Amino acid sequence: MTADASEAVEIHDALLRLRRGTGLPVAFGGLLEAGSRMRISELSGTATHALRSLVVTSGNGLGGKTVALSRPCVVTDYSVSRQISHEYDAPVAAEGLRSVLAVPVVVGHRVRGVLYGALRTALPLGGRMLDAAVEAARDVERALAVRDEARTLAAGAGTGAGWEQVREAHAALRALAPRIADARLRAELLRACALLTADAGGGPGASARVRLAPREVDVLACVAAGATNAAAAERLGVTPETVKGYLRSAMRKLRAGTRGEAVVAARRAGWLP
């Protein structure tokens, strides 16, 4: 499986959060392509392109060890570490990296990718740094899980890839509407959003049976497009805590136990395409 554009954005955003949360100057990562091979596709804070498109095989190097064990791994001085194999020493040395951590992105008990953080000096990477890196990986996991569920639903309904584009457009329009000062133009845009949900599974008038607030729909639209809470907050111009509050409220109204269930229920009710 090759990462699509939206998945690449999720990885890149997670790397920025990893750097902010850990204070590490360099971060990079990617998703598994096929079998046990992972390609490093996203870089943040790097000085060279030595790591770009590097293919990492399960069991090899620090990232390969993380894939094989499905758990975080850390080395204090990459080039001389006895804890890993050294197939990738040349690109790591070209970037000047010494201390490196790697955390897996795990969805459905399967490793889907790896996020790395690194220093150019050989210093121990503490527990706080590892915790922040793991939290960044959890954000990606949640986004991929929602996206997987959306794809399964679309495949089951025979809707194909076109619906994914419709859903991305719907989320973008919902996020844009509150920023438009002109009330008539804003109402027009929201009517366009409603047209995108006209063929949703709930049927005519279904949305009337479940009353959602506009911001609850906005948040669900972002979640349906695969956004994490942090990404949804940035898109909507609110805080991640506000996003969580709207999401909890929507889940309660939709009687959903998870984010994915809420998206499915909102589609059945006619609120989302």
Side-chain angles (χ1 to χ4, degrees), residues 3 7-33 36-107 109-144 228 230-231 240:
E7 290 172 343
V9 170
E10 281 303 339
I11 293 291
H12 185 73
D13 289 349
L15 296 179
L16 295 178
R17 291 193 293 275
L18 186 154
R19 289 180 64 195
R20 285 197 298 266
T22 63
L24 295 173
V26 180
F28 49 99
L31 297 177
L32 267 69
E33 291 187 320
S36 56
R37 297 193 330 154
M38 190 271 296
R39 183 182 299 273
I40 295 174
S41 62
E42 304 302 314
L43 310 174
S44 180
T46 51
T48 73
H49 295 293
L51 297 169
R52 185 175 295 282
S53 298
L54 180 68
V55 175
V56 177
T57 305
S58 178
N60 294 340
L62 182 66
K65 181 177 179 180
T66 296
V67 171
L69 299 180
S70 188
R71 64 172 175 80
C73 297
V74 182
V75 293
T76 299
D77 196 343
Y78 191 99
S79 65
V80 298
S81 174
R82 296 182 179 180
Q83 302 172 36
I84 59 171
S85 59
H86 290 275
E87 291 82 359
Y88 313 113
D89 281 7
V92 172
E95 184 58 41
L97 303 182
R98 302 286 295 281
S99 295
V100 187
L101 60 79
V103 295
V105 174
V106 183
V107 181
H109 305 291
R110 182 166 67 92
V111 177
R112 293 278 293 275
V114 178
L115 303 183
Y116 300 80
L119 282 171
R120 293 190 169 90
T121 52
L123 295 172
L125 301 179
R128 182 187 64 81
M129 290 185 181
L130 193 57
D131 289 344
V134 168
E135 185 54 37
R138 296 296 89 85
D139 283 344
V140 180
E141 290 168 2
R142 287 188 283 266
L144 293 181
T228 62

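Since the structure is predicted, the reported quantities are computational estimates derived from the model, not experimental observations.
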Legend entry - Distance-minimising heavy-atom pair for Ala230 and Pro240: CA-CG, 4.4 Å

Inset, instruction - Among Tyr78, Phe28, Tyr116, find the residue that satisfies the side-chain contact (heavy atoms from CB on, under 4.5 Å) test when tested with Leu97. - result: Phe28

Legend entry - Side-chain heavy atoms of Pro72 within contact of Pro104, under 4.5 Å: yes

Inset, instruction - Identify, with sequence neighbours excluded, every residue that meets salt bridge (charged side-chain N to carboxylate O under 4.0 Å, His left out) alongside Arg52. - result: none

Legend entry - Interatomic spacing from CG in Asp77 to CD in Gln83 - rounded to 0.5 Å: 11.0 Å

Inset, instruction - Apply the test side chain to side chain contact (heavy atoms under 4.5 Å, CB included) to residues Val114 and Val56: give CA-CA distance (whole Å), side-chain angles for both, the deciding distance (0.1 Å), then the verdict. - result: CA-CA 10 Å; Val114 178; Val56 177; over 6 Å; no

Inset, instruction - Please check if any side-chain donor atom of Glu95 sits under 3.5 Å from a side-chain acceptor atom of Thr48, or the reverse. - result: yes

Inset, instruction - Before accepting this row, confirm whether a basic side-chain N of the pair Arg112/Glu141 lies closer than 4.0 Å to the acidic partner's carboxylate O. - result: no

Legend entry - Ionic contact status for Arg142 with Glu135, cut-off 4.0 Å: yes

Legend entry - For the student: nearest non-hydrogen atoms of Ile11 and Gly30, plus distance: CG2-N, 4.3 Å

Legend entry - Validation row: Leu51, Leu43 side chains within 4.5 angstrom (heavy atoms): yes

Inset, instruction - Quick one: do Leu24 and Met129 satisfy side chain to side chain contact (heavy atoms under 4.5 Å, CB included)? Show the steps, please. - result: CA-CA 8 Å; Leu24 295 173; Met129 290 185 181; 3.8 Å; yes

Legend entry - Candidate list Leu15, Leu115, Leu31, Asp13, test side-chain contact (heavy atoms from CB on, under 4.5 Å), partner Glu42, passing option: Leu15

Inset, instruction - For Leu69 and Cys73, work out which heavy atoms get closest and say how close. - result: CD1-SG, 4.3 Å

Legend entry - Where Ala136 and Ala14 come nearest, the two heavy atoms and their spacing: CB-O, 3.7 Å

Legend entry - Which atom of Gly61 lies closest to which atom of Ser85, heavy atoms considered: N-OG, 2.9 Å

Inset, instruction - Give the minimum heavy-atom separation between Thr66 and Ala102, together with the two atoms involved. - result: OG1-CB, 3.4 Å

Inset, instruction - Would you mind listing every side-chain hydrogen bond (donor to acceptor under 3.5 Å, both in side chains) that reaches into residues 67-76, with sequence neighbours excluded? - result: none

Inset, instruction - Please determine, by modelled atom types, if Ser53 and Arg39 share a side-chain donor-acceptor pair under 3.5 angstrom. - result: no

Legend entry - Min side-chain heavy-atom separation Arg120-Val26 under 4.5 Å: yes

Inset, instruction - Decide yes or no for Leu125 and Leu119: does some side-chain heavy atom of the first lie under 4.5 Å from some side-chain heavy atom of the second? - result: yes

Legend entry - Gap separating the CZ atom of Arg17 from the OG1 atom of Thr228, nearest 0.5 angstrom: 4.5 Å

Legend entry - Between OG on residue Ser44 and CG on residue Leu18, distance to nearest 0.5 Å: 9.0 Å

Inset, instruction - Take Met38 and Ile40 through the test side chain to side chain contact (heavy atoms under 4.5 Å, CB included) and record every step on the way to the result. - result: CA-CA 7 Å; Met38 190 271 296; Ile40 295 174; 4.3 Å; yes

Inset, instruction - State, yes or no, whether a side-chain contact exists between Val74 and Val100 at a heavy-atom distance under 4.5 Å. - result: no

Inset, instruction - Show your working on side chain to side chain contact (heavy atoms under 4.5 Å, CB included) between His12 and Leu16 and close with a plain yes or no. - result: CA-CA 7 Å; His12 185 73; Leu16 295 178; 4.2 Å; yes

Legend entry - From Leu54 atom CG to His49 atom NE2, the distance as rounded to the nearest 0.5 Å: 14.5 Å

Inset, instruction - Would you confirm whether Thr22, through its side chain, and Ala133, through its main-chain N or O, come within 3.5 Å as a donor-acceptor pair? - result: no

Inset, instruction - State, yes or no, whether a side-chain contact exists between Lys65 and Val67 at a heavy-atom distance under 4.5 Å. - result: no

